[in-house]
Protein chains: 2
Amino acid sequence: MTKKSKRETDTSTEEKIKEAARKVFLQKGYSATRTRDIAEEAGINLALLNYYFRSKEKLFYEVMQEKMQQFFGELLSIVNDDSTKLETKIELIVSNYITVLSENPELPLFVLSEMKGHAEKIKKILPVQKISNNISFIRQLKERRPDINPIHFLMNILGMTVFPFIARPAFNHIAATNKNELDSILKEREKLIPLWVKAMLKAK
Amino acid sequence: MTKKSKRETDTSTEEKIKEAARKVFLQKGYSATRTRDIAEEAGINLALLNYYFRSKEKLFYEVMQEKMQQFFGELLSIVNDDSTKLETKIELIVSNYITVLSENPELPLFVLSEMKGHAEKIKKILPVQKISNNISFIRQLKERRPDINPIHFLMNILGMTVFPFIARPAFNHIAATNKNELDSILKEREKLIPLWVKAMLKAK
DNA sequence: AAATGTTTTAATCATATGTTTAATTTATTT
DNA sequence: AAATAAATTAAACATATGATTAAAACATTT
């Protein structure tokens, strides 16, 4: 067995804390999370949280940065890629989100809620270069539909794809669906949404 | 001037507290809201909050119930109405949400976040009868597209309509849009979304 | 093995926060 | 006007919570 210093055993204390923080922050949000919740979830002494991360806030921003990257990162790569055509981009955006959010259903509500709550500080840690007017995806949409602001189509794709995860509790209540039923419906959307978006692009 | 008892002056203390609670809870969410924030916003002594509403929690559930009604109530009336045809229902849903959310942009993120955080207690105060399979809107969708689970179309309409309000901070960052620009884009969607949904209903 | 450095712990601190109390002011009834 | 009831206030309470401290346990270097 390879030698390891104590701090890199199994999973390091630091990583245990961060993993616990991911879980608790995503489940409860920043304000409802107690540092004691995180310590308990991580199975460590409360003081270690401050020893490794200085403060609840600093730990939060590490998690937040990571989660914003997870939520926006791949999207931005896709829309920026000059080498894929519009139809392919649409398919990639949808299938990426359905995959990521199926594994991480709390991600969008967490990211969007906390972006609202910490608006100022968030600007500094945005992993997100602005989508300029010159970006591949926007140019392609303008070319296809010069009569419609391309941001509409971005809203449509993200709305159709991401919203069902955000509103999952509501769909569970409102519509008579159980967890498995809803999961399979969400999977179906991976194929359906690109078809619908293409239909929208043609609609006059 | 008509005589009024003290508690019904101008706006009553109780109503001032509730109005302040609406504002602060919607802005910050349940956990980040301090009862002192509400008292200050209402311009009343802190103890009056408990005098009129017993606890932060009770006050919160009054606001929450009201906001769930505001968010789901009209939708449910529309989808339940046998006397409107499918196309009209779609237009009504979209225009209702765009109107309500333009006045109350924090509503959907608040309702959906807090529904997640208080899942159990929420069930009891849901103003929301389940949308059964037998409801007008669902029957109409099944008739039009027997090959697609009608819930998909509900997700699409709500996703396209509501998501931009939820993700507004993100759209402000990601896309180079300012507040007014985004407002006018959102207004445009009132006409566009019904067209797109109709195109989706036809898409094969 | 001693010395030094690092990690962990239990206890404590300082402040924040929801709520209550007891007294005071204001309004209503007799 | 006196008596009673309702509304309001300042102060305090009890607990929760983020953070710190000082000592102990453990690991590494000399």
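Letters go in sequence order (proteins before strands), and every chain restarts at 1. Here the structure is a predicted model, which is why all the values come from computation and not from measurement. Just so you know, these numbers use all the heavy atoms, side chains as well, and skip hydrogens, waters and symmetry mates.
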Checklist entry - Would A/F137 and A/F153 count as a close aromatic pair, with their ring centres under 6.0 Å? => result no
Checklist entry - C/dT8 P sits how many Å from A/F53 CZ, rounded? => result 12 Å
Next on the checklist: Ring-plane angle category for B/F171 and B/F163, please: parallel below 30°, perpendicular beyond 60°, tilted otherwise.
Outcome noted: perpendicular
Next on the checklist: Tell me whether B/D37 is salt-bridged to B/K23, with the criterion being a basic N under 4.0 Å from an acidic carboxylate O.
Outcome noted: no
Checklist outcome for this item: Nucleotide by nucleotide, nucleotides 16-21 of chain C touches protein heavy atoms under 4.0 Å in the pattern (B base, S sugar-phosphate only, - none) -BBBBB
Item to check | Interatomic distance where NZ belongs to A/K28 and P belongs to D/dA16 [whole Å] | outcome: 13 Å
Checklist entry - Centre of B/Y30's six-membered ring, under 6.0 Å away, within 45 degrees of the axis: is that where NZ or CZ of B/K56 sits? => result yes
Item to check | Partner set under side-chain hydrogen bond (donor to acceptor under 3.5 Å, both in side chains) for B/N149, not counting sequence neighbours | outcome: none
Checklist outcome for this item: Rounded to whole Å, the CG-P distance (A/D37 to D/dA19) equals 14 Å
Checklist entry - Are any of B/T13's side-chain N or O atoms less than 4.0 Å away from OP1 or OP2 of D/dA7? => result no
Checklist entry - Whole-Å distance between D/dA11 C1' and B/L48 CG? => result 15 Å
Next on the checklist: Suppose we call two aromatic rings close when their centres sit under 6.0 Å apart. Are A/F25 and A/F110 close by that rule?
Outcome noted: no
